[in-house]
Enquirer: 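I am attaching a structure below and will ask some questions about it afterwards.
Note on naming: letters A, B, ... go to the chains in the order of the sequence lines (proteins, then strands), and numbering restarts at 1 for each one. From a predicted model like this one, the values you see are computed outputs, not experimental measurements.
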There are 4 protein chains.
Amino acid sequence: MPSKTFLNLSEEKRNKIIEAALNEFSLNDYNSASINNIVKVADISKGSMYQYFDNKKSLYLYLLELASEKKLNYISENIDIKSDKIFNLIKKMHLVGAKFDLTNPKYSMLIINAINETTNDELDNISSKLKEKSDQFFNKYIQEGQRNNLIRNDLDDELLSFLISRFSMVLIEYVSKKYNFTYLDLIKKGENKLPLPEKELEKILKQFITVFKDGFKV
Amino acid sequence: MPSKTFLNLSEEKRNKIIEAALNEFSLNDYNSASINNIVKVADISKGSMYQYFDNKKSLYLYLLELASEKKLNYISENIDIKSDKIFNLIKKMHLVGAKFDLTNPKYSMLIINAINETTNDELDNISSKLKEKSDQFFNKYIQEGQRNNLIRNDLDDELLSFLISRFSMVLIEYVSKKYNFTYLDLIKKGENKLPLPEKELEKILKQFITVFKDGFKV
Amino acid sequence: MPSKTFLNLSEEKRNKIIEAALNEFSLNDYNSASINNIVKVADISKGSMYQYFDNKKSLYLYLLELASEKKLNYISENIDIKSDKIFNLIKKMHLVGAKFDLTNPKYSMLIINAINETTNDELDNISSKLKEKSDQFFNKYIQEGQRNNLIRNDLDDELLSFLISRFSMVLIEYVSKKYNFTYLDLIKKGENKLPLPEKELEKILKQFITVFKDGFKV
Amino acid sequence: MPSKTFLNLSEEKRNKIIEAALNEFSLNDYNSASINNIVKVADISKGSMYQYFDNKKSLYLYLLELASEKKLNYISENIDIKSDKIFNLIKKMHLVGAKFDLTNPKYSMLIINAINETTNDELDNISSKLKEKSDQFFNKYIQEGQRNNLIRNDLDDELLSFLISRFSMVLIEYVSKKYNFTYLDLIKKGENKLPLPEKELEKILKQFITVFKDGFKV
DNA sequence: CATGAATGAGGCTTCATTCAT
DNA sequence: TATGAATGAAGCCTCATTCAT
């Protein structure tokens, strides 16, 4: 979505722009985010911004793509898809995903905000698309689990992947509630460090997986 | 939150205003919703609107209260809290909740939008408050279930209620995905009728409950 | 300026309205003062206010008249015009005037604000009129002093009365600066009590009179 | 306070805007002055104005600074501080100040209006600040006069400078009263020319100084 | 005589985008 | 390629006043 001009920019300048835009779009929803603010913070002219990106939407979608790519890369770099049993695999996916979110709160928040953009016509259902993508990602593993008789077959695979997918989206919310911090704090502080010991994160995930595997009942 | 002036209005006029505002706030997030639009549709002057409500926020919170009240009333009228076993009770709650959402899509969408207002400082964390309230509502039943040894005690009750609570928020999303309609359609058409047979709704819920009760595993 | 209706009101109600209006007009200049606010605080309907007074200006001028009258009464009650020598008389006038201002800050502030209304066409030069009135009041005494050879005759009597008159308008400002309080504080606290010992007020006035009588020079 | 954008404008355009704003703020108090009016007269779009200045206050403070600077420059260019005896110096200061006011009525009126802004919280006590500055300016000379035994030491130097300072603020008022013109006339006509012979101005000032030096008494 | 609902003009401000240089 | 000045629609909100009941 960005012009060649943008891609030819020095990395430093490009990053400054991305950083400024990321900040704005992670702290505001699409409509409330302001291009004016972004160019001010990035210290570039408005004309330049519109030479790099056709319009607000284009910039937004580019950032979103960047964030998605970054997250996917992080996950695929930190997980060994094949090695494990299904429930362990799912646990690891969530663990790695959560670690990405917590150490890249701006990117993560951007994606969350996009998922919340349910009413904005201008963005052609970006929210639905993102959710669908996530649902389908998990669906592969669910189906495989069912084929291997590790996951019960009397339940709709779409339902199961929907559940897993949605809960991957609120996991951080639970963690932050339990450990008393907010995304906003993480974003404002700057990032990089886990706000809780990894062991604790794993404990929570273990419980999550137990629920999904065995259910609530005694 | 509304002034006496508003409450003294003829019911017809009051409803026209509520309807117009509801429409705007269910189709747009808080910032994007426009008072100008609302007064145009309600066919009143801007000055009047501001004699009814102190400001945009006040109108919004009033609508939200209205919606919450309406939903709670609907649920308490359609459910017999005491009569049932825990998992049946939860199933019924969700069934009734879903029925409300599907037959009152504007009110429902308003609440959903409020839950998505995670970035708007002006609304003093309305999203968190709503979620917290829902979490605590379910927590009571979870704790009771644990006391009665119907729900396992080795899992954090907050985690379990968090899961149930969040699930109640996305249930309709799954239903609409499965039955190929969208909230927007329901809102635009006008309301009242379930867009799918109640039996089907129950079937879906039965599966959901099975998952929560027994888990994914074979 | 008020209607008979207003004058026939119970004293209590009338005072409530006056008090509310006084508050608004002492804390805001004419344009910024809001009838809406006044009726809200006075707890009467807008319709009533417009039955008591033709319009904003009419209410304002009424209050101003009230304040002027009150101040003049206070002064004439607390001073024995004839008994004294000219400079003593002037000193006493200022002392009494200052005491009125400090114990009736709302009325006083209203008058000060009116004197500051130099740009508002709507008020037909109320500021000039008030100043002129004050100038002429002092002019009588200056002329008499000159006739009696107590005040030098080589200086324009208008200039001298102008100086005395303007000084009377800023006296409180100096006092409040010297004694570290503000009109706003007095108004907000409620009134009645001198914020400094009367002796101190007299000391300041003694100096002032010395200046006017004998000048700066050694 | 203005943006670079504004400073980069052609002098012609910049002056047109300043002129329009000056007009509005000299003829109206802060609250009553209208940005809408200004942009209409200056023939620019509202959006442009807000690219030049952050907000109304910023524009206002810029004009005020401009006016203060212009007046100070005028005074320092037309007076030889060192050469004179104290009372002569004070007379000259007032003469030069009065000449500035009469030949730059818009700037002068703007400052006077600012001094009258006693009730507006938004302007953070601009009135007090301006007065204090003036008081302190004169205080230096009063203190020096006292050190050199030209001004009596039995009177509070703050009181003396307060008096001189306040009377510098009303001098023009007396002149215009005596010579039958108004600021408004000067502003509306355009400026530049003294509305009375300089000799006459000097005569008035001579009397003023006599009062301050020698007092009223025979 | 009291009420209070209705009004619409006008207030300040922000916005995404364009285009001549 | 970069710039930054220009725009005008739209945002929320306040106001003094009127008039039917």
Enquirer: Specify the separation, in whole Å, of atom NZ of B/K13 and atom C1' of E/dT7.
Expert: 11 Å
Enquirer: Does B/S68 use its side chain to pair, donor to acceptor, with the backbone of B/L64 at less than 3.5 Å?
Expert: yes
Enquirer: In whole Å, I'd like the distance from the CD1 atom of D/I38 to the P atom of E/dG11.
Expert: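 To the nearest whole Å, that distance equals 10 Å.
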Enquirer: Provide, to the nearest angstrom, the distance between the CG atom belonging to D/N8 and the C1' atom belonging to F/dA2.
Expert: 15 Å
Enquirer: Quick one: side-chain contact (heavy atoms from CB on, under 4.5 Å) partners of B/S3, sequence neighbours excluded?
Expert: B/T5, B/F6
Enquirer: How is A/T5 classified with respect to the nucleic acid when contacts are heavy atoms under 4.0 Å: base, sugar-phosphate, or nothing?
Expert: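 Sugar-phosphate contact only - A/T5 comes under 4.0 Å of backbone atoms but never of a base.
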Enquirer: Using heavy atoms to find the nearest nucleotide of DNA chain E for C/Y52 and A/A33 separately, return the residue whose nucleotide is more 5′.
Expert: C/Y52
Enquirer: Figure out the CD/C1' separation between C/Q51 and F/dA20, and round it to whole Å.
Expert: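 One finds 13 Å between C1' of F/dA20 and CD of C/Q51, rounded.
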Enquirer: Between P on E/dA20 and NZ on A/K46, what's the gap in Å once rounded to a whole number?
Expert: 18 Å
Enquirer: Nearest-Å distance, CD1 (C/I35) to P (F/dT18)?
Expert: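 My rounded result for the distance is 12 Å.
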Enquirer: Taking the side chain of B/Y50 as its heavy atoms from C-beta onward, which of E/dA16, F/dT14, E/dT14 lies nearest to it?
Expert: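 Per side-chain heavy atoms of B/Y50, the pick is F/dT14.
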Enquirer: Rounded to whole Å, please give me the gap between CZ in A/F53 and C1' in F/dA2.
Expert: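 Checked: the CZ to C1' distance equals 16 Å.
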Enquirer: When you check the phosphate oxygens OP1 and OP2 of E/dG11, does a side-chain N or O of D/N36 lie under 4.0 Å from one of them?
Expert: yes
Enquirer: Is it true that B/N31 and A/S32 share a donor-acceptor pair across their side chains at a distance under 3.5 Å?
Expert: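 Side chains of A/S32 and B/N31: pair found under 3.5 Å.
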Enquirer: Within the pair A/S45 and F/dG4, is there a side-chain N or O less than 4.0 Å away from OP1 or OP2?
Expert: no
Enquirer: Could you tell me which nucleotide pairs with F/dT21 by Watson-Crick or G-U wobble geometry, both distances under 3.5 Å, or answer none if nothing does?
Expert: E/dA2
Enquirer: Go nucleotide by nucleotide along DNA chain E from the 5' end; which of D/Y30 and C/K4 gets its closest nucleotide reached first?
Expert: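 The 5'-side residue here is C/K4.
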Enquirer: May I ask you to say what B/L9 touches in the nucleic acid, namely base, sugar-phosphate or nothing, with a heavy-atom cut-off under 4.0 Å?
Expert: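 Answer is sugar-phosphate: B/L9 comes under 4.0 Å of backbone atoms only.
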Enquirer: Would a distance-only check, ignoring hydrogens and angles, find a side-chain to backbone donor-acceptor pair under 3.5 Å from D/N113 to D/S26?
Expert: yes
Enquirer: Could you check how far CG of C/N37 sits from P of F/dT14, rounded to whole Å?
Expert: 10 Å
Enquirer: Output yes when at least one side-chain N/O atom of C/S48 is less than 4.0 Å from OP1 or OP2 of E/dA2, else no.
Expert: no
Enquirer: Listing request: all salt bridge (charged side-chain N to carboxylate O under 4.0 Å, His left out) pairs with a residue in residues 108-129 of chain C, at least two apart in sequence or in separate chains.
Expert: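 Listed once each, the pairs are C/K57-C/D124.
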Enquirer: Reading DNA chain F from 5' onward, which residue's closest nucleotide shows up sooner: C/E122 or A/I44?
Expert: A/I44
Enquirer: Minimum heavy-atom separation for A/T119 and B/M109, please, with both atom names.
Expert: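 In terms of heavy atoms, the two residues are closest at CG2-CE, 4.0 Å.
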Enquirer: Want to settle it: does C/N55 or B/K40 sit nearer the 5' end of DNA chain F, counting the closest nucleotide to each?
Expert: B/K40
Enquirer: F/dA16 pairs with which nucleotide, Watson-Crick or G-U wobble, both distances below 3.5 Å?
Expert: E/dT7
Enquirer: Hey, is the side chain of A/S34 poking within less than 4.0 Å of OP1 or OP2 on E/dA16, counting only N and O atoms?
Expert: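 A/S34 to E/dA16 OP1/OP2: side-chain N or O found under 4.0 Å.
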Enquirer: How would you label the contact of D/K56 with the nucleic acid (heavy atoms, under 4.0 Å): base, sugar-phosphate, or nothing?
Expert: sugar-phosphate
